[in-house]
Amino acid sequence: ITIGSLLIVPVSGQSLLPTASVKEAAYTAPRTPYGHPDLQGFWNHQTYTPLERPDTVTKEFYTLEEVVALEQARAQREAEQTTPGTTADVHYDNRQFLLDRSQTGFARNLRTSLIVDPSNGKLPPVNAEGKRRMAVRAAARTAMGGKYDRAENNDLDDRCLMRNAGPPTLNANYNSNQHIVQGPGWVMILVEESHDARIVSLDGREPSPDAVRQWMGVSRGRFEGDTLVVETTNFNGKNPFRGQSSEHMRVTEWFTRVADDRILYRFTVEDEATWDQPWTVEMPMWKSGGPLFEHACHEGNYGLYNTLAGVRLEEQQAAEAAAQEALR
């Protein structure tokens with residue numbers, strides 16, 4: 001049923017791109033020497049389509065004309081942000097300078113949100129247990145002082161610990177590329193953003209003990225027909241999705257190659273400690289050129305040090321100015 005539902009979507013000619021056709025449903029993925037569908041190569045999942053449907057939009061799909069107009073408006077805004085002198089706060093990791101969000105041409109997505117379930121295109125409301133946990137986290141952060149009081153108070157991506165490795169994996173502002181490599185009993189997914197590698201076993205091994213908890217969880221995979229199914233559990237809870245999810249989150253991903261240049265990526269998130277219902281995302285991954293360049297962001301990087309040093313200097317200058325004012 002799952003595989004069938006994945007193949008139905010491109011045939012509609014609405015969700016992925018305006019030129020989709022029934023030949024995608026009949027597509028047979030090439031095989032590796034050991035008989036698995038060949039998903040190997042470099043893939044890009046960048047898109048303008050937001051995770052959640054905007055509040056002002058009530059339909060599931062845009063028309064092609066509407067998408068083109070949105071692309072042009074967003075491209076114009078990004079061009080203005082990268083024009084010298086128009087960005088007020090140019091810091092060590094200025095994402096406006098490196099934005100790569102093009103979905104024009106063959107890679108257009110007509111969906112109004114990446115979330116396909118619930119049907120409103122929105123994340124389910126956080127339940128009472130999730131709100132309580134988020135409040136505890138917020139209180140702990142407040143007790144540690146301000147963001148720039150010490151390195152540990154900064155976000156994980158500022159510290160180059162975690163960025164967009166997933167699972168689940170979503171598009172970022174830039175570097176939304178993956179390199180998939182397969183072996184007889186393994187699949188490796190290298191995520192360009194923060195150069196994190198996911199190692200997925202395919203040998204049917206037993207689930208990891210509950211005490212084994214990892215940043216990206218523990219992934220187990222299998223092939224169902226032409227689809228790679230990956231189930232991930234055993235998260236450590238230190239990298240919650242949007243600051244909401246718990247260590248009990250379970251992510252099921254489906255990778256189906258529907259054309260020579262495209263993988264249909266779909267995932268469902270279940271976490272009863274955060275949301276009372278699961279939610280599902282669908283987005284295309286497009287064949288891209290390689291190799292991936294190293295995203296050289298490492299813990300202890302100079303950028304974080306310089307940010308903290310800059311704040312200390314501002315504090316010193318403010319104190320000196322206050323002392324001079326007191327002497328007048």
Side-chain angles (χ1 to χ4, degrees), residues 2 45 50-53 113-145 147 150-172 178 189 191 193-194 196-201 205-222 228-255 265-283 299:
T2 299
H45 54 268
L51 174 65
E52 296 188 87
R53 186 171 300 147
S113 66
L114 295 178
I115 292 178
V116 297
D117 185 38
S119 60
N120 65 359
K122 300 280 191 181
L123 286 170
V126 176
N127 58 28
E129 182 177 353
K131 291 178 180 178
R132 179 198 59 77
R133 185 179 58 257
M134 291 169 64
V136 171
R137 289 172 177 165
R141 288 194 299 270
T142 300
M144 294 172 65
K147 177 176 181 178
R150 56 179 179 172
E152 292 81 0
N153 293 7
N154 278 251
D155 296 333
L156 293 178
D157 60 344
D158 293 329
R159 299 169 60 191
C160 294
L161 290 176
M162 293 290 293
R163 280 182 179 259
N164 193 41
T169 299
L170 288 169
N171 58 297
Q178 297 186 23
I189 305 174
V191 181
E193 181 82 354
S194 212
D196 287 307
R198 295 178 54 195
I199 308 297
V200 181
S201 64
R205 63 184 58 197
E206 292 294 321
S208 293
D210 187 67
V212 176
R213 298 280 168 174
Q214 300 187 29
W215 286 91
M216 295 186 289
V218 179
S219 295
R220 300 284 187 263
R222 64 185 182 277
L228 170 64
V229 183
V230 180
E231 297 179 349
T232 304
T233 58
N234 294 67
F235 292 93
N236 63 15
K238 297 179 181 180
N239 182 37
F241 179 83
R242 286 195 166 185
Q244 298 177 353
S245 62
S246 74
E247 68 272 21
H248 304 295
M249 180 174 69
R250 304 181 303 281
V251 180
T252 304
E253 300 166 284
W254 295 269
F255 299 79
Y265 175 60
R266 186 180 178 101
F267 67 80
T268 294
V269 174
E270 300 172 275
D271 186 359
E272 293 82 358
T274 305
W275 303 284
D276 290 333
Q277 68 180 103
W279 50 277
T280 299
V281 160
E282 180 183 287
M283 65 181 183
E299 188 175 13

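Just so it is clear, the structure is predicted and the values come from calculations on it, not from any experiment.
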Which word best sums up how the rings of Tyr265 and Phe267 line up, parallel for under 30°, tilted for 30 to 60°, or perpendicular for over 60°?
tilted

Atom pair CZ (Arg250) and CG (Asn234), whose distance is rounded to the nearest 0.5 Å:
11.5 Å

Looking at residues at least two apart in the chain, or sitting in another chain, which of them share a salt bridge (Lys or Arg N to Asp or Glu O under 4.0 Å) with Glu247?
none

Run the side chain to side chain contact (heavy atoms under 4.5 Å, CB included) test against Ala138 and tell me which residues pass, sequence neighbours left out.
Arg141

Mind listing the side-chain donor-acceptor pairs of residues 238-245 below 3.5 Å, one per line with the distance, residues two or more places apart or on another chain?
from: Arg242; atom 1: NH1; to: Glu52; atom 2: OE2; distance (Å): 2.8
from: Ser245; atom 1: OG; to: Phe241; atom 2: N; distance (Å): 2.7

Going by side chain to side chain contact (heavy atoms under 4.5 Å, CB included), name the residues that satisfy it together with Thr268, two or more places apart in sequence or in a different chain.
Trp254, Glu270, Pro278, Thr280

Check side chain to side chain contact (heavy atoms under 4.5 Å, CB included) between Asp155 and all other residues, then give those that pass, not counting sequence neighbours.
Lys147, Asp157, Asp158

Closest approach of Pro168 and Val251, non-hydrogen atoms and distance?
CD-CG2, 4.0 Å

Look up atom CD1 in Ile189 and atom CG in Asp196, then write down how far apart they are to the nearest 0.5 Å.
12.5 Å

Report yes if some heavy atom in the side chain of Leu114 is under 4.5 Å from a heavy atom in the side chain of Asn171; otherwise report no.
yes

Restricting to side chain to side chain contact (heavy atoms under 4.5 Å, CB included), what partner residues turn up for Gln214, sequence neighbours left out?
Val212, Val218

Tell me every residue that passes salt bridge (Lys or Arg N to Asp or Glu O under 4.0 Å) with Arg213, counting only those two or more places apart in sequence or in another chain.
Asp210

For Asp117, the side-chain hydrogen bond (donor to acceptor under 3.5 Å, both in side chains) test, sequence neighbours excluded, returns none

To check you understand the geometry: which heavy-atom pair defines the closest contact between Pro124 and Trp275, and what is its length?
O-CD1, 3.1 Å

If you look at every heavy atom in Phe235 and Gly217, which pair is closest and at what distance?
CD2-N, 3.6 Å

Of Arg266, Arg198, Arg220, the one forming a salt bridge (charged side-chain N to carboxylate O under 4.0 Å, His left out) with Glu253 is Arg198

My understanding is that only residues two or more places apart in sequence, or in another chain, count here; which of them pass side-chain hydrogen bond (donor to acceptor under 3.5 Å, both in side chains) with Ser201?
none

Please list all pairs meeting side-chain hydrogen bond (donor to acceptor under 3.5 Å, both in side chains) that have one or both residues in residues 120-130, counting only residues at least two apart or in different chains.
Asp55-Lys122, Asn127-Asp276

Which value, rounded to the nearest 0.5 Å, describes the distance between Lys131 atom NZ and Arg133 atom CZ?
12.5 Å

A side-chain contact here means heavy atoms from C-beta on lying under 4.5 Å apart; do Val269 and Met249 qualify?
yes

I'd like to know if Glu231 pairs up with Arg222 as an ion pair, taking the criterion as any Lys NZ or Arg NE/NH1/NH2 lying under 4.0 Å from an Asp or Glu carboxylate oxygen.
yes

Excluding sequence neighbours, so at least two apart, what forms side-chain hydrogen bond (donor to acceptor under 3.5 Å, both in side chains) with Gln178?
none

Testing the basics here: between Met216 and Ala197, what is the closest heavy-atom pair and its distance to 0.1 Å?
CE-O, 3.6 Å

With sequence neighbours excluded, what pairs up with Ser246 under the side-chain hydrogen bond (donor to acceptor under 3.5 Å, both in side chains) test?
Asp271

Check against side-chain contact (heavy atoms from CB on, under 4.5 Å), Trp215 and Leu156
CA-CA 11 Å; Trp215 286 91; Leu156 293 178; 3.7 Å; yes

